[in-house]
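What follows is a set of notes on a single structure, which appears directly below.
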Amino acid sequence: MTATVIDGKAVAQSIRAEIAEEVKKLKQDGIEPGLAVVLVGQDPASHSYVKGKVKACEEVGIYSEVLRLQETISQQELLQTIKQLNEKPNIHGILVQLPLPPHISEEAVLDVIPAEKDVDGFHPINVGNMVIGNDAYLPCTPHGIVELIKWTGTDLNGKHVVVIGRSNIVGKPVSLLLLQENATVTMCHSRTRNMAELTRQADILVVAVGKAHLIGREHVSPGAIVIDVGVNRMENGKLVGDVRFDEVAEVAGYITPVPGGVGPMTITMLLANTVKAARAQSRVGDEVKG
Ligand code: NAP
């Protein structure tokens with residue numbers, strides 16, 4: 001193997017240590033950052049993600065509460081519950097774990113979380129501010145990806161980044177954030193023709209598709225940084241990414257593993273956004289990393 005493995009857990013841990021220090025300082029000023037997580041239904045993956053978020057909050061000293069709601073809750077009741085959370089002064093960040101049951105509109109739910117408490121960075125106001133380069137709560141996974149790339153010490157100026165996937169939660173926002181870092185960004189998706197020809201031109205390849213082992217060594221130029229966002233559960237229960245790790249690691253310069261790459265950074269950026277929200281709502285001092 002020639003590639004250096006980017007240890008997302010270790011990078012996340014060092015950022016979390018900084019966040020814990022920040023929380024300690026805020027508490028000295030009488031402010032305890034608080035996060036509310038709304039979980040609807042019984043989806044096992046969602047339950048496990050929420051558990052991870054609560055544990056991470058505990059580790060850095062952020063107060064958290066989880067509202068577990070029945071799958072059958074009506075959209076109106078859910079919106080009402082979120083509105084009640086909006087009124088709580090000890091809750092600075094609110095996130096609704098997606099996906100929601102089919103009878104509930106994600107758009108309507110995300111709209112009702114005020115932009116200043118939208119620590120997931122999905123509210124149209126935050127998305128708009130991100131697009132024009134203003135201060136915003138950045139979406140957690142894309143922000144985490146940018147931090148991982150920076151961790152390699154790579155100067156993004158003028159680098160050619162190819163992003164595969166154009167979803168609103170990963171592909172589109174990560175492309176915009178990298179553009180703001182002065183990278184030249186090419187976006188690929190399911191209709192892209194001759195994708196390997198494009199990806200082989202990448203200094204940095206970000207893969208966010210959700211198809212196990214889609215990307216192999218034929219897609220990667222020697223020395224490239226490969227960020228694998230995909231999380232796919234195989235029949236044997238094993239989690240794998242979108243990238244064929246072993247063969248791509250033979251050519252890449254850096255590569256993220258799955259699990260242990262992008263995943264831990266996503267939760268870390270959520271913690272950073274919650275602290276940022278607590279600061280902003282309490283109007284003290286400078287912002288934390290994020
Ligand atoms: P998504 O909404 O399903 O989007 C997938 C994207 O991939 C779409 O833009 C689609 O193109 C494109 N695509 C599908 N097949 C393709 C192909 N053969 N070649 C090129 N592009 C193709 O998925 P997502 O929400 O962005 O998530 C992507 C993956 O990241 C999933 O595995 C998800 O679990 C994972 N994820 C991980 C984290 C984390 O924290 N680690 C966070 C979020 C997501 P079209 O637009 O043309 O359909």
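Along the sequence shown, residues are numbered consecutively beginning with 1.
In this structure, Leu79 CG and Asp111 CG are separated by 9.5 Å, a value rounded to the nearest 0.5 Å. The NZ atom of Lys172 lies 10.5 Å from the NE2 atom of His189; values are rounded to the nearest 0.5 Å. Interatomic distance, NZ of Lys53 versus CD1 of Ile267, reported as 6.5 Å (0.5 Å rounding). The CD atom of Glu147 sits 10.0 Å away from the OG1 atom of Thr268 when rounded to the nearest 0.5 Å. Glu197 CD to Cys188 SG: the interatomic distance, rounded to the nearest 0.5 Å, is 11.0 Å. A distance of 8.5 Å separates NE2 of His219 from CG of Leu205, quoted to the nearest 0.5 Å.
Tested against Thr256 for a side-chain contact (heavy atoms from CB on, under 4.5 Å), the candidates Val243, Ile6, Ile149, Asp7 yield a single pass: Ile6. A side-chain hydrogen bond (donor to acceptor under 3.5 Å, both in side chains) with His160 is found for one member of Thr184, Asp203, Thr186 and no other, namely Thr186.
For Lys150, the salt bridge (Lys or Arg N to Asp or Glu O under 4.0 Å) partners at least two apart in sequence or on another chain are Glu181. With sequence neighbours excluded, the residues that form a salt bridge (Lys or Arg N to Asp or Glu O under 4.0 Å) with Glu65 are Lys88. In this structure, the salt bridge (Lys or Arg N to Asp or Glu O under 4.0 Å) partners of Arg244, at least two apart in sequence or on a different chain, are Glu218, Glu247. Applying the salt bridge (Lys or Arg N to Asp or Glu O under 4.0 Å) rule to Glu21 yields the partners Lys24; only residues at least two apart in sequence or on another chain are considered.
Considering every non-hydrogen atom in both Leu85 and Leu67, the closest pair reads CD2-CD1, 4.0 Å. When all heavy atoms of Ser221 and Ala202 are compared, the closest pair comes out as OG-O, 3.3 Å. Residues Ala183 and Val161 come closest through the heavy atom pair CB-CG2, 3.6 Å. What you find for Met187 and Ser175 is that their closest heavy atoms are CG-OG, 3.4 Å. Across all their heavy atoms, Val170 and Ser167 have their closest contact at N-OG, 3.0 Å. Between Asn86 and Pro114, the closest heavy-atom pair is OD1-CD, 3.2 Å.
Residues Thr274 and His92 bring no donor and acceptor atom of their side chains to less than 3.5 Å of each other.
Between the Asn126 side chain and the Ala115 main chain, a donor and an acceptor come within less than 3.5 Å of each other. Side chain of Gln281 to main chain of Glu116: a donor-acceptor pair is present (N/O by atom type, distance under 3.5 Å, no hydrogens or angles). The closest donor-acceptor contact from the side chain of His143 to the backbone of Cys140 lies at 3.5 Å or more, if one exists at all. Proximity of a side-chain donor or acceptor of Asn129 to a complementary backbone N or O of Ala136 within less than 3.5 Å is not detected. A donor-acceptor contact shorter than 3.5 Å is absent between the side chain of Ser282 and the backbone of Arg279. In this structure, Ser105 contributes its side chain and Ala108 its backbone to a donor-acceptor pair below 3.5 Å. Put simply, the side chain of Asp155 gets close to the backbone of Asn157: a donor and an acceptor are under 3.5 Å apart. Judged purely by atom type and a 3.5 angstrom limit, Asp228 has no side-chain atom pairing as donor or acceptor with the backbone of Ile255. When atom types are taken as modelled, the side chain of Asn232 and the backbone of Gly241 share a donor-acceptor pair closer than 3.5 angstrom. Between the side chain of Ser74 and the main chain of Glu77, a donor-acceptor pair closer than 3.5 Å is present.
When side chains are defined from C-beta on, Leu156 counts as touching Ile204, because their heavy atoms get closer than 4.5 Å. At a threshold of 4.5 Å between non-hydrogen side-chain atoms, the residues Tyr254 and Ile227 do not count as touching. Using a 4.5 Å cut-off on side-chain heavy atoms (C-beta onward), Met265 and Val11 make contact. Between Pro142 and Met130 there is no side-chain heavy-atom pair separated by less than 4.5 Å. Side-chain contact between Pro33 and Cys57 is absent, with no heavy atoms from C-beta onward closer than 4.5 Å. Side-chain contact between Val5 and Phe245 is present, with at least one heavy-atom pair separated by less than 4.5 Å. Contact of the Val146 side chain with the Leu178 side chain is registered, since non-hydrogen atoms from C-beta on lie closer than 4.5 Å. Here the side chains of Ser64 and Val37 are not in contact, with every heavy-atom distance at 4.5 Å or above.
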Could you go through Asp242 and Val229, starting from their C-alpha distance and side-chain angles, then the distance that decides it, and tell me whether this counts as side-chain contact (heavy atoms from CB on, under 4.5 Å)? CA-CA 7 Å; Asp242 292 346; Val229 191; 5.9 Å; no

For His47 and Leu39, what are the C-alpha separation, side-chain angles and deciding distance, and is it a side-chain contact (heavy atoms from CB on, under 4.5 Å)? CA-CA 8 Å; His47 274 258; Leu39 178 57; 3.6 Å; yes

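In this structure, Ile125 is not a member of the same hydrophobic cluster as Ile113, with clusters built from ILVMFWY side-chain heavy atoms closer than 4.5 Å. Both Ile169 and Leu148 are members of a single hydrophobic cluster when ILVMFWY side chains are connected at heavy-atom separations under 4.5 Å. In the hydrophobic clustering of ILVMFWY residues, with side-chain heavy atoms under 4.5 Å counting as a link, Val38 and Ile73 come out together. Linking ILVMFWY residues whenever their side-chain heavy atoms come closer than 4.5 Å, directly or via other members, places Val127 and Ile94 in the same cluster. The cluster map of Ile, Leu, Val, Met, Phe, Trp and Tyr, joined by side-chain heavy atoms under 4.5 Å apart, puts Met269 and Tyr137 in different clusters.
No more than 12 heavy-atom neighbours from other residues, nucleotides or ligands sit within 6.0 angstrom of NZ on Lys9. No more than 12 heavy atoms of other residues, nucleotides or ligands shown are found within 6.0 angstrom of NZ on Lys55.
Hydrophobic side-chain contacts under 4.5 Å tie Val240 into a cluster, directly or through other members, with Met234. Grouped by direct or indirect side-chain proximity (heavy atoms under 4.5 Å, Ile/Leu/Val/Met/Phe/Trp/Tyr only), Val231 sits with Leu239.
The pair Arg16-Glu59 meets the salt-bridge criterion, with a side-chain N (NZ, NE, NH1 or NH2) lying under 4.0 Å from an Asp/Glu carboxylate O.
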